[in-house]
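Values below: every heavy atom of this structure, side chains too, minus hydrogens, waters and symmetry copies.
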Amino acid sequence: MTIRVRAPATTANLGPGFDCAAVALELWNDLEVDEGGEPDPDHLGVRAFELLAPPEGRTFRFTSRIPRERGLGSSAAVIALGLVAGARAAGREPDPEELLALGLPLEGHGDNLAAALAGGVVLTWETRIARIADGVPAEPVALVPPGRQNTASSRALLPETVPHEDAAFTAGRAALLGAALASGSAGLFASALDDRLHEPYRSRFLEDVRARLPESALGATLSGSGPTVMVWAREGASEDCAAALRALHPGIDVLPLAVATDGAA
């Protein structure tokens with residue numbers, strides 16, 4: 001029996017939603033599992049599969065389209081592929097929250113994995129997932145620099161404490177973000193796209209992008225731990241926004257994307 005699964009890229013944090021907010025994107029990795037052969041037991045996707053079904057005697061073929069270590073949830077997509085394929089091999093209906101609980105030790109934090117499993121726009125805490133919308137009141141345009149950024153090294157840049165003023169500022173923007181995503185308000189969404197807990201310590205490129213945002217953009221956020229920056233274009237303006245960004249940032253890959261309403265399946 002051949003098992004075929006796909007899982008989407010994701011963008012996490014959305015500014016103030018640090019480690020709890022994420023969006024699935026229409027950029028997909030694939031996995032095909034067949035009988036016969038011996039897999040690499042150290043592969044992240046095979047390790048995820050093994051949490052639900054024995055991988056021995058199977059061939060795993062991964063197709064990777066999501067850039068690695070760019071802040072677009074490549075590792076979460078690989079884990080999601082393994083988890084969903086393992087559930088199918090075990091004859092179980094994949095449940096996003098159950099799979100999140102299983103995969104969290106492999107990923108380390110749940111935002112990207114929750115969105116990869118559930119699709120759409122999610123909030124996550126502990127092992128819970130709240131899918132709060134099918135989309136956002138904007139269109140995502142990814143600016144992908146050529147260099148990579150390891151999540152662990154990016155997190156090492158964060159201070160152990162922050163000023164109370166910065167914490168209060170970000171808490172307020174996080175509340176705005178939740179309201180914007182739930183209501184679909186572009187105005188609230190634009191006001192929410194700011195953060196003082198993690199973004200200022202992680203990316204000078206984000207500062208540059210924000211300083212020269214096209215008129216067609218509502219705002220910009222660091223995608224996950226970076227280095228990718230997600231520019232949020234006004235609805236219907238993603239192509240114009242992408243063209244302006246290419247002119248402003250030569251040498252950077254500019255990818256107009258869309259929100260993926262489906263999760264790994």
Side-chain angles (χ1 to χ4, degrees), residues 8-18 21-29 64-74 76-77 111-112 115 120-121 133 135-151 154 157 173 176-177 180-181 184-196 198-261:
T10 49
T11 182
N13 300 328
L14 309 183
F18 183 50
V23 176
L25 301 169
E26 285 284 356
L27 179 61
W28 298 82
N29 282 0
S64 299
R65 301 180 186 89
I66 304 168
R68 293 183 61 189
E69 295 185 339
R70 299 299 208 283
L72 290 169
S74 61
D111 45 8
N112 289 100
V121 182
V136 298
E139 296 176 358
V141 180
L143 299 183
V144 187
R148 294 185 176 187
Q149 176 66 66
N150 178 270
T151 299
S154 178
L157 298 173
R173 294 308 188 278
L176 278 176
L177 178 65
L181 296 173
S185 167
L188 288 179
F189 188 66
S191 297
L193 300 179
D194 203 354
D195 164 82
R196 294 182 185 174
H198 69 104
E199 288 182 339
Y201 306 99
R202 285 173 146 177
S203 177
R204 292 182 179 178
F205 180 47
L206 175 61
E207 295 178 11
D208 180 43
V209 172
R210 282 177 170 163
R212 299 187 291 164
L213 274 178
E215 291 185 4
S216 52
L218 293 174
T221 56
L222 188 64
S223 187
S225 59
T228 293
V229 167
M230 197 65 63
V231 174
W232 299 96
R234 300 178 189 278
E235 291 183 308
S238 61
E239 291 298 333
D240 288 344
C241 186
L245 291 168
R246 290 188 184 100
L248 287 166
H249 304 283
I252 302 294
D253 286 339
V254 179
L255 306 177
L257 296 168
V259 176
T261 57

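Counting only distance, with no hydrogens or angles, the side chain of Arg202 and the backbone of Leu157 share no donor-acceptor pair below 3.5 Å. Judged purely by atom type and a 3.5 angstrom limit, Arg70 uses its side chain to pair as donor or acceptor with the backbone of Pro145. Here the side chain of Asn13 pairs no donor or acceptor atom with the backbone of Leu222 at under 3.5 angstrom.
By the 4.0 Å N-to-carboxylate-O rule, Asp208 lies too far from Arg204 to be salt-bridged with it.
For the pair Pro140/Leu25, a side-chain contact is recorded, criterion being any heavy-atom separation below 4.5 Å from C-beta on. Using a 4.5 Å cut-off on side-chain heavy atoms (C-beta onward), Pro214 and Asp240 make no contact.
Counting only residues at least two apart or in different chains, ring-ring contact (aromatic ring centres under 6.0 Å, His included) contacts with residues 226-253 comprise Phe189-Trp232, Phe205-His249.
Asp111 contributes atom CG, which lies 7.5 Å from atom OG1 of Thr10 (distance to the nearest 0.5 angstrom). For the atom pair Thr221 OG1 and Glu199 CD, the distance stands at 6.0 Å (nearest 0.5 Å). For the atom pair CD (Glu235) and CG (Leu218), the distance works out to 8.5 Å, reported to the nearest 0.5 Å. Between the CZ atom of Arg173 and the OG atom of Ser191 there is a distance of 7.5 Å, given to the nearest 0.5 Å. Separation of atoms CG (Leu257) and CE (Met230) is listed at 6.0 Å; rounding is to 0.5 Å. Annotation: the span from Glu139 atom CD to Arg234 atom CZ amounts to 12.0 Å, rounded to 0.5 Å.
Between Arg65 and Trp28, the shortest heavy-atom contact is NH1-O, 3.0 Å. The nearest pair of heavy atoms linking Gly251 to Pro146 is O-CD, 4.1 Å. Closest approach of Leu213 and Gly219 over heavy atoms only: CD1-CA, 3.7 Å. The two atoms that bring Pro137 and Ser185 nearest to each other are CG-O, 3.6 Å, heavy atoms only. Of all non-hydrogen atoms in Gly147 and Pro227, the two that sit nearest each other are O-CG, 3.2 Å. Closest of all the heavy-atom pairs between Gly135 and Val259 is CA-CG1, 4.0 Å.
Checking Ser74 against Arg68 by side-chain atom types alone, no donor-acceptor pair falls below 3.5 Å.
Checking Thr228, Asn112, Thr11 one by one against Ser223, the side chain to side chain donor-acceptor pair (under 3.5 Å) holds for a single residue, Thr11. Screening Asp253, Leu255, Val209, Leu206 against Leu143 for a side-chain contact (heavy atoms from CB on, under 4.5 Å) leaves a single residue, Val209.
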